[in-house]
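Not measured: the values here are computed from a predicted model. Numbering of ligands and ligand atoms starts at 1, following listing order.
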Amino acid sequence: MKAITVFCGSREGSDPVYMREAYQLGKAMAERELTLVYGGAGIGCMRAMADGVLDHGGKVIGVMPEKLANRERSYRRLTDLRIVADMPTRKKVMMQEGDAFIAFPGGLGTLEEWFEVYSWAKIGYHDKPCCLLNINGYYDSLLALFGHMIEADFAPEDYLSGIVHDTDSKRLIDKIHQR
Ligand code: AMP
C-alpha cells in the first residue's frame, strides 16, 4: 500500500483533540511512508493533517476544485497540489490515487465523499478498505446507525462488519495493512 485518501473536516472542531489527532494521523502516515491524498485545503483539520505529514518528511497530494480554491485556501505548502475542474473530478482523482479510504471527523463534505466510496465498494466498483477514524467517539452514532439499518433489514450484516474502524490512527493503519 502506497497511499491513503483521507476525507476530513475543513473546520477545526470544538475540541482541540480533533486538530491534535489530525496532525498525529499525518505524522503516522509519514512514518510509515504512506502518501496522503486529501482535498488540498489549507484550513481546519485538513491543514493540520497535511502539516503532520509534511513536518515528518512525507508526501501529500491535494486535489482542489477550481471553484473552492480561494474559499478553502488551497495549501501551497503541498508536494503536489492539483487544481481540478470540478467536484466530480476531485472525487474521481481521490478515489483513484488512494489504496484505502479513511473518514476523519468532519462535516457534510467528509461524510458525502466517504459514503460515495463505501457505497461504491459495496456494489463492487472497487475493493479498497473503507475506514472510520473514530476520534473522541465522533463516529459512534454513525456505527450505531449502521446497526439500526441492519436490524431494520435495510442492509445486510456486512455493511457494518465491512467498515474498518478504530479510535487510534496507528492502530487503524495497522488494521488496514492486515486487510
Ligand atoms: P466538511 O467535512 O464539510 O468540512 O468538508 C470537507 C471537504 O469536503 C471540503 O473540502 C469541502 O469542500 C468538501 N465538500 C463540502 N461539501 C461537499 C459536497 N456536498 N460534496 C463533496 N465534497 C464536499
K.L.:
Can you tell me how far the CG atom of Leu133 sits from the CG atom of Leu25, to the nearest 0.5 Å?
P.N.:
6.0 Å
K.L.:
Shared ILVMFWY cluster between Tyr23 and Val37, side chains joined below 4.5 angstrom?
P.N.:
no
K.L.:
Who's touching ligand 1 if we go heavy atoms under 4.0 Å?
P.N.:
Cys8, Gly9, Ser10, Met46, Leu68, Glu72, Met87, Arg90, Gly106, Gly107, Leu108, Gly109, Thr110, Glu112, Glu113
K.L.:
Can you confirm if the NZ or CZ of Lys122 lies within 45° of the ring axis of Tyr159 and under 6.0 Å from the centre of its six-membered ring?
P.N.:
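Yes, a cation-pi geometry holds between Lys122 and Tyr159.
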K.L.:
More than 12 foreign heavy atoms under 6.0 Å from NE2 of His126: is that the case here?
P.N.:
yes
K.L.:
What I want to check is whether the side chains of Asp158 and Ser161 have a donor and an acceptor closer together than 3.5 Å.
P.N.:
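No, no side-chain donor-acceptor contact under 3.5 Å.
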K.L.:
Could I get the full list of side chain to side chain donor-acceptor pair (under 3.5 Å) partners for Glu112, not counting sequence neighbours?
P.N.:
Lys91
